[in-house]
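Scroll down for the structure; my scribbles are underneath it.
None of the values given here were measured: they were computed from a predicted structure.
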Amino acid sequence: MSAAGDAPADDAGSPPTGLRFSHVSVAYGARAAVRDVSFSVAPGEVVALAGPNGSGKSSLLRAAVGLAPRTAGVVLVGSSEQLPERPRERAVRVAWMPQDEPGGENVPLEEYVGYGRYARTPQWSLPSAADRAAVLAAIEAVDLGEFCGRGMAELSGGERQRARLARTLAQEAPVLLLDEPTAHLDIGHQLDVLGRIRRYAAERRLSVVVALHDLNLAARFMDRVAVLSRGRLVAVGRPSEILSPALLEEVWGVLAELRRDARTGEPYLLPRLAPPVGEVRPAGPRRRVHVVAGGGSGAGLLRTLFEQGFDLSTGVLPLFDTDTECARELSVPAAIELPFAPIGDDALRHLDQLLGAADAIVVAAFPVGPTNVANLVRLRSWVGRRPVALLAQPPGARWDYADGTATAVREELVTLGAVVLPDPAAVVGWLARLGARPPT
């Protein structure tokens, strides 16, 4: 496990290619987010940037495009050229796909992807034939050709994520920085998109950095993996060199077994999903609240209730999820399942143990799909046995990816006696009225 060397030098007269982070540090005021990180990415290479939430992945990528305060070091393209300061010039060198963005207007898909051409289209000029060809090629590259007649608001969450990737590809930059490009995608589309990114990088000799939570996906698709922990680079190398139970425990605090794919020989990590039954603590003298969440929807709620002194549990959550990381940081017991897998019997049994030890249940406004809808369905048998509150879903936001099943179950829970609350502050007030609060 060692830092990578410089990217290979470019041919004389060719556009700058390759990417190098050289002793890069990022800070927000007095808080250091990235500390002295150095590694490089060669043309045609795809490198995963892995690490827990808060490890500095997004800050490092944002610093590369001038959107985070770099306090030391340089980001280089090619063998020696520092990235231009002017955004338009920088966009020709580096294309960045952020982790998330506002919904925006219902513009046609082709127009949206065409936004990626702004750096290559002269100001006040109409798109050229080359621009239109690049847009259509990017749309085909992410398998959205059949949706060209639709507006962005008419696409599913996963389709919009692929459209964002297409917009990034349309820039035709030699360097791609992709922050969680597989977010909101089901496992089939995750595998498809990462496979396409790898082929695209090889065919066009692009240098690509992909921020990922899932080390097993990184092992399957990435040439190398760079692991950040608390802002520092702790490992970089081929997946077969660095993936280990020791790394997962040291960086993520998760126990796992190392297995190898019988066909490819590549490593993968199999986490231990649930603690023994004896490790589930009873409610004790403090009142316990179980939080149903996922996809980052519960982190703020967990922290609010934790700061109020409540005894908490949560789940079922996927490994590496934002809410899972928050629960680990707060030492909150959680029922855990493998990412993108349907909730299995072992995880459901663990969930029932946690629900049984709770005095109240709070459901965050989490996105629900086929793999986690069981979290809602399971609550049918607990409404009436425990007080249940549902945080209201944001108006107009799509959250039911289970073909209407999640919406129907939420309505059924309300009919059975669950209450709907607007925000975490209202949850705290509701719990106080129940008497479900720690003694003063």
(request) List the atom of Pro239, the atom of Asp223, and the distance in Å for their closest heavy-atom pair. (result) CD-O, 3.4 Å
(message) Minimum heavy-atom separation for Ala402 and Gly369, please, with both atom names.
(response) CB-C, 4.1 Å
(message) Nearest 0.5 angstrom please: Leu176 CG to Ile197 CD1, how far?
(response) 8.0 Å
(request) Determine yes or no for a side-chain-to-main-chain donor-acceptor pair under 3.5 angstrom, with Ser59 supplying the side chain and Ala33 the backbone. (result) no
(message) Between Arg164 and Glu159, does any NZ, NE, NH1 or NH2 come within less than 4.0 Å of an OD or OE carboxylate oxygen?
(response) no
Cut-off 3.5 Å, no hydrogens considered: what does the side-chain donor-acceptor table look like for residues 139-148, sequence neighbours left out?
none

(request) Working to the nearest 0.5 Å, report the span between CG of Asn216 and CG of Leu248. (result) 9.0 Å
(request) Return yes when atom CG of Asp423 has more than 12 non-hydrogen atoms of other residues, nucleotides or ligands closer than 6.0 Å, and no otherwise. (result) yes
(message) As a quick check of understanding, evaluate side chain to side chain contact (heavy atoms under 4.5 Å, CB included) for Phe21 and Leu233, giving each step before the final call.
(response) CA-CA 11 Å; Phe21 295 94; Leu233 186 68; over 6 Å; no
(message) Using every non-hydrogen atom in the two residues, find where Leu351 and Gly315 come nearest and quote the distance to one decimal.
(response) CD1-O, 3.5 Å
(message) Out of the candidates His350, His290, Arg288, only one should pair with Ser313 under the side chain to side chain donor-acceptor pair (under 3.5 Å) rule; please name it.
(response) His290
(request) May I ask you to test the Phe221-Leu191 pair for a side-chain heavy-atom distance under 4.5 Å? (result) yes
(message) Donor-acceptor pair, distance only, cut-off 3.5 Å: does the side chain of Arg162 make one with the backbone of Leu165?
(response) no
(message) Keeping Glu337 on the side-chain end and Gly344 on the backbone end, is there a donor-acceptor pair under 3.5 Å?
(response) yes
(message) Working to the nearest 0.5 angstrom, can you tell me the gap between Thr304 OG1 and Phe310 CZ?
(response) 10.5 Å
(request) Spell out, as yes or no, whether a donor-acceptor pair under 3.5 Å connects the side chain of Asn106 to the backbone of Met152. (result) yes
(request) Give a yes or no on whether the backbone of Ala163 and the side-chain of Arg167 come within a donor-acceptor separation of less than 3.5 Å. (result) no
(request) Would you confirm whether Ser25, through its side chain, and Ala72, through its main-chain N or O, come within 3.5 Å as a donor-acceptor pair? (result) no
(message) Looking at Arg35 and Val24, would you say the former's side chain and the latter's main chain have a donor-acceptor pair under 3.5 Å?
(response) no
(message) Contact between Val234 and Val251 at the side-chain level, heavy atoms closer than 4.5 Å - yes or no?
(response) yes
(message) Any heavy-atom pair between the side chains of Val388 and Val419 that's under 4.5 Å?
(response) no
(request) Apply the side-chain contact (heavy atoms from CB on, under 4.5 Å) test between Met222 and each candidate in Val47, Leu49, Leu194; give the one that qualifies. (result) Leu194
(message) If you compare all heavy atoms of Ala418 against all heavy atoms of Val383, which two are closest, and at what distance to 0.1 Å?
(response) N-CG1, 3.9 Å
(request) Would you mind reporting whether Arg62 and Arg70 have side-chain heavy atoms less than 4.5 Å apart? (result) no
(request) Check whether NZ of the Lys or CZ of the Arg Arg386 lies under 6.0 Å from the centre of the six-membered ring of Trp382 and within 45 degrees of that ring's axis. (result) no
(request) Would you confirm whether Glu325, through its side chain, and Thr322, through its main-chain N or O, come within 3.5 Å as a donor-acceptor pair? (result) no
(request) For the residue pair Ser58 and Asp179, confirm or rule out a side-chain donor-acceptor distance under 3.5 Å. (result) yes
(request) Taking all non-hydrogen atoms of both residues into account, name the closest pair between Leu155 and Arg398 and its distance. (result) O-NH1, 4.3 Å
(message) I want to check something: taking the side chain as every heavy atom from C-beta on, are Val208 and Glu45 in contact at a cut-off of under 4.5 Å?
(response) no
(message) As a test of understanding, state which of Leu217, Leu178, Val193 forms a side-chain contact (heavy atoms from CB on, under 4.5 Å) with Val210.
(response) Leu178
(message) Assess the residue pair Phe39 and Leu60 against the criterion (side chain to side chain contact (heavy atoms under 4.5 Å, CB included)); give the C-alpha distance rounded to whole Å, side-chain angles, the decisive distance to 0.1 Å, and a yes or no.
(response) CA-CA 12 Å; Phe39 69 94; Leu60 182 63; 3.9 Å; yes
(request) Begin from the C-alpha positions of Ile336 and Thr324 and carry the test side chain to side chain contact (heavy atoms under 4.5 Å, CB included) through to its verdict. (result) CA-CA 8 Å; Ile336 305 297; Thr324 307; 3.7 Å; yes
(request) Starting at OG of Ser381, measure out to CG of Leu355 and round the result to the nearest 0.5 Å. (result) 8.0 Å
(message) Assess whether a salt bridge exists between Arg378 and Asp352, defined as any Lys/Arg side-chain N lying under 4.0 Å from an Asp/Glu carboxylate O.
(response) yes
(request) Look only at the side chain of Ser297 and the backbone of Ala293, and say whether a donor-acceptor pair between them is shorter than 3.5 Å. (result) no
(request) Any chance you could lay out the side chain to side chain contact (heavy atoms under 4.5 Å, CB included) test for Val289 and Leu431, step after step, and finish with the verdict? (result) CA-CA 9 Å; Val289 179; Leu431 291 170; 3.8 Å; yes
(request) Compare all side-chain heavy atoms of Ser55 with those of Arg230 and state whether any distance is below 4.5 angstrom. (result) no
(request) Just jot down the side chain to side chain donor-acceptor pair (under 3.5 Å) partners of Tyr115, sequence neighbours excluded, or say none. (result) none
(request) Kindly compute the distance separating CZ (Phe306) from CG (Leu330), expressed to the nearest 0.5 Å. (result) 5.0 Å
(message) Between Glu249 and Ala246 (side chain of the first, backbone of the second, donor and acceptor by atom type, cut-off under 3.5 Å), is there such a pair?
(response) no
(message) Once rounded to the nearest 0.5 Å, what's the spacing between atom CG of Leu19 and atom CG of Leu177?
(response) 6.0 Å
(request) Please tell me if the side chains of Leu61 and Trp96 come closer than 4.5 Å, counting only heavy atoms from C-beta onward. (result) yes
(request) Test Leu391 against every option in Val363, Val291, Val427, Val420 by the side-chain contact (heavy atoms from CB on, under 4.5 Å) rule and name the one that passes. (result) Val427
(message) Any salt bridge linking Arg117 with Asp131? Criterion: basic side-chain nitrogen under 4.0 Å from a carboxylate oxygen.
(response) yes
(request) Determine the minimum heavy-atom distance between Asp323 and Gly295, stating which atoms define it. (result) OD2-N, 3.7 Å
(request) Before accepting this row, confirm whether a basic side-chain N of the pair Arg410/Glu412 lies closer than 4.0 Å to the acidic partner's carboxylate O. (result) no
(message) With a 4.5 Å cut-off on side-chain heavy atoms, are Thr71 and Val26 touching?
(response) no
